Amino acid sequence: MPEHQRPNPDSLLQSLRQQEEQEVKGKLKIFLGMCAGVGKTYDMLRAGHEAKAKGIEVVIGFVETHSRKETEALVGGLEAVPRKQIEYKGAVLEEMDLDAILARRPKLALVDELAHTNVEGSRHRKRYQDVLELIDQGIDVYTTVNVQHLESRADTVAQITGSIVRETIPDSVFEVADQVELVDLTPDELLKRLAEGKVYTPERSRRAIQNFFRKGNLTALREMALRLTAERVDKQLRQYMQGQRISGPWKSGERLLIHVDENPDSVRLIRWARRVAQTMNASWIALHVETSRRLGEPDKNQLAKSIKLARELGAEVISTADEDVVAALVRIANEQNVTQVLASKDWGHKAILQRLLTESGNLDLLLLGGKEETEGRTKRLQFPELHSGSSQYLLAAGVVIAVSSVCFFIQDLIGYQTVSLLLLFVVVLLPLRFGAGPVLLAAGLSALLYDFFFLPPLFTFVVRQADDVLMLGAFFIVAAVTGVLTARVRAREKAVRIREERATALFSLTKDLSGSRSQDEVVWAAVDNIRRFFNAETIMYLAQPDGDIFTKAHPQSNLQVDEKEFGVAAWVYWNEKRAGRFTDTLPFTSATYFPLSGPRYPLGVIGVRLPHNDFSLDQETLLENFVNQIASAVEREFLNEIAKRATILEESERLYKTLFDSVSHELRTPIAAIMSATETIMRNKCEKDNDVFAEIHTASERLNRLVENLLDMTRLESGLIKPKLDWCDVRDVVNAAVQKVSEEIGAHSIHVDIPEDFPLLKLDFGLMEQALVNLLYNAILYTPSDTTIHIHVHSSDERVFMNVEDNGPGFPKDSLKKLFDKFYRVPGSKTGGTGLGLSIAKGFVEAQKGIITAENRQEGGARFSIQLPLSAEPVSPTGVSSEQ
Amino acid sequence: MSNKPTILTIDDEVQIRRLLDMTLSSDGYRVISAETAEEGIRRGSTDRPDLIMLDLGLPDADGLSVLKRIREWSTVPIVILSVKSAESDIIECLNAGADDYLVKPFRSGELLARVRAALRHHTTTDVEKSFQVRDLVVDFTARIVKKSDALVHLTATEYSLLALFARNAGRVLTHQFILQNVWGPSYVEQTEYTRVYVGQLRKKIEDDPSKPNILLTESGIGYRLALE
């Protein structure tokens with residue numbers, strides 16, 4: 001029976017499926033061990049081999065064998081992506097080549113040591129970020145990690161083993177994993193392996209056994225690992241039993257709040273809060289209150305680390321400016337509908353906890369127990385800011401000296417007590433202009449000057465009279481206290497002003513954005529506001545209308561960057577994560593790049609070059625808010641564009657259709673007239689004139705066919721064809737087509753072969769009929785006049801084949817490819833025909849999601865084959881089934 | 001007036017009007033014509049024709065709206081003239097009350113046959129007792145169907161379907177019309193029902209079910225039971 005060619009739609013379907021798979025994220029499987037040497041890498045490699053045996057494409061991303069023979073044996077046999085060589089401080093180090101793996105696109109990648117920190121110069125700071133990127137791009141990953149490397153467990157491990165863990169991964173990565181396999185080994189077995197030299201070299205083993213690998217440690221670690229895995233299983237079981245729960249920002253209605261500052265104790269608090277939040281299935285907020293107190297570098301770093309940790313562990317980080325931490329806590333708690341506040345007993349001094357107790361009103365308070373020993377941080381007094389410039393000090397001193405000098409000369413007039421009042425007056429006024437430091441200095445200085453120059457005995461620092469002592473003392477205290485108080489008031493004022501400024505910035509931005517009427521205006525608003533409020537330059541990249549990546553920056557940008565930074569922007573676009581300066585990814589650029597995210601695909605990238613060398617938390621929060629607003633505005637304009645274009649398209653389609661209709665009408669009317677007129681005459685006239693009229697009739701039929709073809713072609717080209725797919729009986733369609741060619745058929749005969757009870761097909765009757773008609777015409781035209789044309793319909797393999805076969809000369813070899821081209825006619829064929837018939841047939845068939853092919857039959861002659869997918873049979877119609 | 005039925009042709013093309021005039025007159029009809037929809041509607045109400053031929057491509061009004069307007073006050077049979085690619089328009093008009101359609105360029109034989117069928121259907125005021133085409137006989141009162149004098153066994157649905165066709169013989173019936181009348185208004189989307197049942201019916205009443213000459217398919221629109 002007829003052979004069928006390899007259908008094209010299958011390969012199309014396959015590539016579509018592949019695309020779909022890629023859009024789905026890859027799966028992450030973690031091999032968890034209690035410590036080094038339990039065999040995680042070994043198990044991972046074994047799993048890799050198993051996958052390979054199943055036919056999955058596996059590559060080794062990065063495996064560290066530590067010269068262990070058994071592990072090394074497994075590495076062979078798996079394709080390894082070559083490591084990347086990075087130069088660092090004169091040495092050449094090897095890291096996993098993330099880009100090479102991405103380019104390679106395996107189904108599964110094996111990546112060892114998830115907690116590893118990458119060398120400077122790598123795209124991400126940590127290997128787990130590399131793994132996350134692989135997952136995002138649809139590549140499955142197997143990886144290994146020890147229980148000590150989990151953020152939430154690092155503390156405990158440090159307590160158990162005494163050695164501090166340096167490389168950690170956030171718990172969120174652990175949560176994200178689809179599978180966690182525990183590689184378990186009893187401590188005895190591990191010690192045996194160590195002794196056998198299977199883990200480390202004998203030298204190292206001995207030392208290891210003495211320090212880290214003590215049996216007590218191992219047992220505790222093992223328990224931790226087991227418990228971790230069990231917790232995970234328990235959670236999955238709970239989730240399964242409770243069915244699908246929609247996880248939103250307010251999971252259980254509970255909302256927790258903690259305060260984070262530069263104190264290292266915050267870290268303990270953060271980890272504890274996370275555990276509580278998980279147990280309660282609540283969302284939690286980490287609040288940082290910015291006071292006027294300036295932080296030194298180490299404190300700032302500690303604070304930044306704590307904030308980052310909180311964020312990674314899933315907290316919403318909020319920053320606010322306020323002098324009074326407790327008041328700020330309560331305020332934010334109320335604003336954010338917090339139900340419980342968590343604090344550490346070690347927080348600040350006792351008074352602050354007391355205040356929290358009284359001022360928290362109906363908020364619940366949870367206290368974390370204090371640590372055994374404080375970490376040697378001295379409790380500092382709440383000193384006001386002492387950072388005025390030296391010029392301020394000099395100026396303040398100068399004023400005091402000036403006033404004192406004046407008083408010195410007139411002291412006889414006014415008396416030394418009055419002088420004291422005058423000086424006090426001056427010192428009290430100083431805080432209006434100077435900071436607390438200079439004021440304190442002025443107070444001290446004025447006291448000294450007063451004592452030396454005015455208090456008897458003059459020109460000595462000795463004070464005779466008791467009340468003078470009192471006065472001096474009072475003088476100094478009043479001056480100092482006033483100065484400090486005023487400074488504090490000013491600082492508080494400043495904090496409020498900062499908050500107000502932030503709100504104003506956001507307001508200004510949203511006002512400008514909502515007033516924008518086009519994409520250009522949105523960009524201008526964004527660039528302008530960022531310049532005004534951050535004093536930073538901005539570069540904006542917006543996606544192409546079809547969703548593809550941008551090729552150049554928006555002209556309204558006021559920042560120029562080089563190729564390398566463009567590459568970073570491109571990375572941000574595809575991965576929808578921020579990168580650049582101040583981030584962990586590709587940090588050596590001049591600007592920080594944020595993705596502008598839309599619902600289906602990214603809208604673009606915004607790069608901001610900040611003027612200073614630091615990026616404070618609340619600046620970051622504000623900029624994030626800015627970016628969100630800008631993204632919304634860009635999306636809005638984008639959708640506007642789409643809507644506008646759709647309207648224009650609709651309009652032009654309508655115009656086109658009107659034009660088409662009128663042209664079609666114009667052409668068909670005279671033809672109709674000719675045909676009908678001749679028909680009528682032929683019926684009524686006598687025989688001998690009939691030949692002449694027959695000629696006219698035939699000619700007009702041809703003309704009609706030509707017009708139909710041209711109109712059909714036009715319809716196809718302009719996309720006006722909207723196939724109406726409906727259930728049709730194939731036999732009907734074939735018969736209709738055969739009927740239509742009954743005039744042209746001449747001496748040919750048509751034989752139709754359709755199996756009984758052939759199922760209904762979903763197709764457009766008119767289009768399919770016309771396609772068949774065109775194929776039949778073609779067969780009639782090119783085959784000798786007394787041959788038979790066969791129409792064959794059969795189904796196999798979920799496809800339906802409608803074949804039109806003849807016994808003519810067949811197609812010339814080199815014409816086969818061009819057969820369905822417009823206006824193509826086989827060279828040497830007789831005149832009569834536009835060369836449009838086959839291309840129209842192809843267009844009509846493809847509009848119904850089918851394909852059409854042409855080939856020469858083995859037995860000689862040509863075969864056209866229309867293939868359609870066989871859709872599911874419609875539900876059997878119901879009717880009253882009793883016999884009538 | 002004479003006994004000849006009057007046909008009103010509404011078409012903006014003078015050639016078509018002349019053509020229709022020639023063809024219809026030669027078959028014994030009296031023909032009056034109108035150039036625009038307004039004129040057509042006016043003459044339709046004043047001259048009371050027995051049949052209206054309505055072109056869908058009129059300049060001053062959309063054919064469907066003219067059809068609806070006429071149908072508001074008259075049940076006069078209307079045959080619409082259209083072009084091949086306007087199938088959806090044709091179906092719409094048929095469902096809105098048109099009796100039949102013709103596609104330009106049309107054969108005069110077809111034109112006359114459809115006019116005849118439309119008139120016949122309209123003028124038969126008493127309920128027909130039976131219907132015959134070729135060797136197929138449908139007896140409505142006894143609910144019996146015979147082919148070449150042999151009794152044909154039909155299911156109730158098949159009979160209803162055939163009876164519907166027989167009562168509208170010669171006229172095209174849209175899928176929607178068939179579904180509505182045989183199965184009910186909620187079935188108007190299930191065109192596969194009509195296909196399957198027509199297929200089954202053909203097997204029972206046609207000489208050669210694969211080349212039907214009684215129950216004919218009108219491509220994309222519906223079916224028609226032949227009158228001869």
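Chain A is the first sequence line, chain B the second, and so forth, proteins listed ahead of strands; every chain is numbered from 1. Computed from a predicted structure; not experimentally measured.
Residue A:K724 touches chain B through its side chain alone, counting heavy-atom pairs closer than 4.5 Å. Contacts between B:L112 and chain A at a heavy-atom distance below 4.5 Å involve the side chain alone, from C-beta outward. Contact annotation for B:R202: only side-chain heavy atoms (C-beta onward) come within less than 4.5 Å of a heavy atom of chain A.
Contact between B:T191 and A:W727 at its shortest, heavy atoms only, is OG1-N, 4.2 Å. Annotation for B:K211 and A:N735: closest pair CA-ND2, 3.7 Å, computed over non-hydrogen atoms. In plain terms, the two heavy atoms of B:P209 and A:R731 that are nearest each other are O-CD, 4.2 Å.
Within 6.0 Å of atom CG in B:D149, 12 or fewer heavy atoms from other residues, nucleotides or ligands are found, so the atom counts as exposed in its surroundings. The number of heavy atoms from other shown groups lying within 6.0 Å of NZ (A:K762) is above 12.
When the candidates B:S108, B:S160, B:S26, B:G199 are compared by the number of heavy-atom contacts under 4.5 Å with chain A, B:S108 comes out ahead.
To the nearest 0.5 Å, atoms NZ (B:K104) and CG (A:N704) are separated by 12.5 Å.
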